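Following: one structure in structure tokens, then a few remarks.
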Amino acid sequence: MKAIDRKMLRDLRAMWGQALAIAFVIVSGVATFVTMTATMDSLQRTLATYYADYRFADAFASVRRAPEQLQNRLRQIEGVGQVQTRVMAAVNLEVPGFGEPVTGQIVSIPEGKQPVLNQLFIREGRLVRPGREDEVLLNEAFAEAHGLEPGSTLTAIINGRRKTLAVVGIALSPEFLMQIQPGSLFPDPQRFGVMWMGRPALAAAYDMEGAFNDVNIALAPGADVREVVAQLDVLLKPYGSQGGQERADQPSHFYITEEFRQLRSMATILPVIFLAVAAFLLNIVVTRLIGTQREQIAVLKAFGYSSTDVGWHFVKMVLVIAAVGAVGGTVLGLWMGNGMANLYMEFYRFPYLDYTLRLPVFFAVLALTTGAALVGVIRAVRRAVKLPPAEAMRPAPPANYRPTLVERIGLKHLFDQPTRMIARNLERQPIKALLTIIGMAASGAILVLGLFFSDAFDYIIDVQYGMAERADLTVTFNQPTSTAALYEVQAMPGVLYAEPFRAVPVRLHHHHRSYETGISGIPDRPYLRRVLNRDLDPISIPPEGLVLTDRLAAKLDIEAGDQVLVEVLEGSRRTIAVPVIAPAQQYIGLGAYMNLNQLNRIAGNGAALSGVLVAIDARYEDQLVDALQERPRVASIVSQERIIESVYETSGQSTLTFAFILTLFAGVIAFGVVYNSARITLAERDRELASLRVLGFTRNEIAYILLGELALLTLLSLPVAFALGALLSAATVESLQTDLYEFPVVLGRGTFAYAAVVVLSAAAISALIIRRMLNKLDLVGVLKTRE
Amino acid sequence: MKHPPQETPHKIVFEARGVTKVYDMGTVQVYALRGVDLDLYAGELVVLLGASGSGKSTLLNILGGLDTATAGRVFYRGEDLTQADEHQLTDYRRYHVGFVFQFYNLIPSLTARENVAIVTEIARDPMTPEEALDIVGLSDRMDHFPAQLSGGQQQRVAIARAIAKQPAVLLCDEPTGALDSKTGVVVLEALERVNRALGTTTAIITHNAAQAQMASRIIHLSDGQVTQIEQNPNPMPASEITW
Ligand SMILES: Nc1ncnc2c1ncn2[C@@H]1O[C@H](COP(=O)(O)OP(=O)(O)O)[C@@H](O)[C@H]1O
Ligand SMILES: [Mg+2]
């Protein structure tokens with residue numbers, strides 16, 4: 001090995017603590033990047049193969065009832081490759097040992113064989129046998145939630161009649177990666193499950209013999225899905241279709257893509273922060289190193305090393321640190337990514353997982369780390385390179401201290417000598433002090449960002465289910481039902497208050513934009529479902545006009561006062577123009593609201609209810625649910641408490657894991673910054689501090705000079721951390737907005753406290769290490785050596 | 001620039017004409033050199049003698065291509081150093097000049113052997129680090145780090161480092177400045193030996209008149225000017241010098 005490289009390695013070894021601290025910061029950044037990118041990649045690849053292998057359909061449509069022969073006409077639509085008709089039905093279930101209402105969605109499959117599209121991955125058991133009317137396969141998530149296995153039974157209330165079903169298999173389907181109850185926003189496998197049943201049996205139960213109510217389409221190669229769906233809509237409209245969906249709008253697929261999108265945005269923001277901090281640390285460390293090596297640089301140049309040689313020498317050193325960080329981070333990231341991908345695999349119930357790191361990702365890591373490292377040191381190295389050798393041979397001039405501002409304005413007597421030394425040092429190197437503050441603030445900010453999600457989540461749940469939706473139970477009927485049902489429910493034991501609602505599927509048109517959604521009819525003085533304005537005050541819905549949530553209005557490019565065309569997708573099937581009044585604030589889901597009476601007029605069928613919202617006496621809940629379930633018209637009973645629980649269950653675990661990882665990494669950053677700053681201050685001032693010791697200052701006094709400065713910087717960094725964290729959260733929030741959620745920037749006090757504790761602890765640990773070094777300060781040696 | 005051919009005495013190596021160096025300190029201008037004219041001949045050993053601040057280091061640095069003159073010209077074997085660009089100066093230092101500094105300036109993280117190797121690795125036709133260290137009498141200290149060597153030993157390593165590339169000129173800026181006289185003599189002996197054995201043109205800076213006796217010419221500097229050039233037909237062996 002060349003002597004100059006040996007020098008590089010020995011210099012590196014001499015500052016191993018600092019180099020390691022920086023490498024750790026890089027490891028954190030790279031690991032986050034690799035974890036998220038690898039997870040993303042493998043999930044996406046897995047999804048693509050799963051969809052292809054199990055023939056996930058490209059378009060979907062439901063009708064009320066269409067004759068089976070219609071299939072032939074659907075096949076002739078240009079661009080249609082395959083057509084699969086099905087029967088789907090929503091049923092109430094009774095699961096042995098589970099007292100709460102459970103809703104099921106039964107999907108028909110051919111007897112004894114796989115469907116053509118949306119095939120099943122049979123985890124356990126078998127498909128249904130021909131002629132067996134009571135056999136079903138259960139979706140795995142649902143089966144697991146209730147401990148059901150092949151051989152178990154459960155009861156379905158099909159068209160008002162109880163029927164015992166025998167579980168013969170457990171299956172997965174690309175169509176129900178997320179089994180989300182129609183109208184619900186989150187999966188809840190305990191209370192909603194998908195199951196598959198032989199087509200003849202299901203058709204018989206629902207009067208669908210020779211008919212279908214659901215159709216899946218696979219496109220021919222090169223076909224345009226929009227055109228196919230448009231054609232489909234034309235043919236299916238007479239049979240009660242509310243419009244077909246392309247795959248992108250299919251609930252399970254949509255949910256998954258949104259999650260992937262959020263993951264991707266986190267995969268960019270965090271590593272950038274980490275690498276920026278690493279670049280900053282490299283900057284201060286290398287600047288310092290070059291400062292101490294002025295004369296060595298001069299000697300190298302005097303003996304004929306060129307500026308390029310000298311620059312390359314320092315760059316190589318930095319690259320070694322970057323490479324250790326990149327490789328370490330990649331290995332750690334791969335390992336964590338594997339864990340995370342497996343978590344997601346369980347969560348989405350993929351039958352298999354295709355986990356590998358793509359080579360380009362690794363190259364991206366190398367490029368990013370190298371880039372960040374070089375950006376960090378370029379200035380320092382350029383200065384080293386430019387140093388004229390004769391100049392460098394002279395020791396650097398003594399630092400230029402002067403009385404601080406505080407002293408100049410005459411407050412000198414307020415501070416003792418050590419405190420004045422701290423102040424002067426800070427004032428002399430304001431940029432360095434500022435960078436140290438920013439570096440530490442970055443770690444605090446990452447923590448704030450990590451915890452922000454749960455704060456925001458708590459907040460939107462609070463608004464949605466504490467202020468807007470306040471019903472304990474939402475009872476939905478099979479079809480629009482007469483208002484008498486309200487009084488019937490009202491009279492049931494345990495019901496404290498009941499409020500009617502109507503939900504009408506519509507398509508809203510404004511200029512060339514359109515959006516399919518439902519309008520909720522709200523009674524005059526709503527109590528259980530209220531619409532909130534931007535200040536989160538309930539608004540009263542006037543007799544005429546439509547209220548849209550902010551994001552829906554934005555999607556359709558509508559402002560208050562505009563007219564919107566409402567195309568009713570059931571009953572009257574009219575299209576009428578309605579003025580849009582004030583926008584509403586709603587963090588979860590998109591919504592449109594109207595006065596119940598107006599909605600009834602538009603939709604036809606007279607005064608009808610889609611369901612009833614109920615406030616209950618908790619003591620009667622079980623009894624009430626049982627009684628409601630017996631009613632044939634009741635399609636579903638959804639408990640608010642359960643919704644909230646399921647929301648937290650779905651998002652809670654990944655959020656917690658994420659916050660934990662961030663905490664760890666942010667701690668690494670805080671430690672890296674404080675430790676490096678302290679080490680450098682110590683190196684810069686060891687002679688001064690040793691001189692003070694010789695002059696009779698105690699260890700505590702010199703520790704105060706050094707650590708007092710760090711403590712001050714750490715404290716100053718906290719407010720910066722909070723502000724930076726809020727900014728980061730605001731920046732991230734943009735990328736998290738989906739049709740499902742809008743996240744406001746809400747940060748809890750606990751979050752700030754937690755961030756402060758982590759930063760302070762990291763600072764305290766490095767202070768302890770530095771304190772031990774101070775104790776070992778070699779008084780005579782330090783004074784003797786000349787750099 | 002070409003590799004130095006075998007030198008014959010009295011061939012001019014350096015030719016300085018009107019060399020001036022001004023340090024612009026903002027408010028004041030410091031004249032470190034005020035028009036120095038000087039020739040150095042191949043193979044000779046000269047001493048630059050002058051009080052502190054007289055401009056000795058500045059002159060030596062300009063000769064060695066470490067610094068550039070404000071005005072005037074410096075020719076090295078007929079080539080104008082003042083016209084050379086950075087790349088040419090680097091090559092000049094790499095292949096032709098060896099430096100010895102007052103504070104040794106060894107790389108603390110490298111052993112004696114490695115401190116020499118760092119120079120021989122980029123030189124043309126160097127001796128081995130072992131040979132160079134042998135010349136200065138440090139064969140038994142090759143794997144010591146600078147911190148494990150005395151001042152005189154460190155300076156001898158520095159000399160080994162400077163001569164290992166077999167340079168045409170050896171420029172020494174107060175090589176004994178940080179040493180006691182006994183150790184200083186050992187260092188001067190090493191320089192003398194190199195000058196004799198390899199025929200290296202050697203310039204030694206000192207402010208110590210006693211040391212000047214070992215030179216064949218003594219160049220007196222004062223206030224940035226050459227005030228006197230003293231011929232010394234019978235240089236005293238370094239071993240006999242005391243101060
Ligand atoms: N980089 C510099 N900036 C300003 N003045 C300098 C610089 N280097 C040297 N000088 C001044 O130039 C003069 C000559 O310095 P120098 O050549 O080091 O003298 P010597 O080596 O004889 O002691 C001195 O007055 C010194 O202060
Ligand atoms: Mg000098």
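Letters A, B, ... mirror the listed sequences (proteins, then strands); counts begin at 1. Not measured: the values here are computed from a predicted model.
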Checklist entry - Which bit of A:Met1 comes within less than 4.5 Å of chain B, counting heavy atoms only: side chain, backbone, both or neither? => result backbone
Checklist entry - Of the backbone (N, CA, C, O) and the side chain (C-beta and beyond), which part of A:Leu300 lies under 4.5 Å from a heavy atom of chain B, both, or neither? => result side chain
[X] versus chain A, heavy atoms under 4.5 Å apart: side chain, backbone, both or neither?
{"X": "B:Gln102", "value": "neither"}
{"X": "B:Arg113", "value": "neither"}
{"X": "B:Tyr104", "value": "neither"}
{"X": "B:Ala162", "value": "both"}

Checklist entry - Can you name the residues that form a side-chain contact (heavy atoms from CB on, under 4.5 Å) with B:Ala117, not counting sequence neighbours? => result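 With neighbours one apart ignored, the set is A:Ala3, B:Thr120, B:Glu121, B:Pro129.
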Checklist entry - In a check of side-chain contact (heavy atoms from CB on, under 4.5 Å) between B:Ile107 and each of A:Gln293, A:Lys7, A:Arg6, which one passes? => result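 Exactly one pass, corresponding to A:Lys7.
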Item to check | Between B:Asp173, B:Val119, B:Thr90, the one whose heavy-atom pairs under 4.5 Å with chain A are most numerous | outcome: B:Thr90
Checklist entry - Do B:Glu114 and A:Arg10 meet the salt-bridge criterion of a basic N to acidic O distance under 4.0 Å? => result yes
Side-chain contact, heavy-atom cut-off 4.5 Å: [X] with [Y]?
{"X": "B:Pro108", "Y": "A:Gln296", "result": "yes"}
{"X": "A:Tyr305", "Y": "B:Ile118", "result": "yes"}
{"X": "A:Phe303", "Y": "B:Arg93", "result": "no"}

Next on the checklist: How long is the straight-line distance from NZ of A:Lys301 back to CG of B:Leu89, given to the nearest 0.5 Å?
Outcome noted: 11.5 Å
Checklist entry - What residues of residues 306-319 of chain A sit under 4.5 Å from chain B when only non-hydrogen atoms are counted? => result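 Residues in range: A:Ser306, A:Ser307, A:Asp309.
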Within 6.0 angstrom of [X] [atom1], more than 12 heavy atoms from elsewhere:
{"X": "B:Phe14", "atom1": "CZ", "answer": "yes"}
{"X": "B:His207", "atom1": "NE2", "answer": "no"}
{"X": "B:Gln148", "atom1": "CD", "answer": "yes"}
{"X": "B:Phe145", "atom1": "CZ", "answer": "yes"}

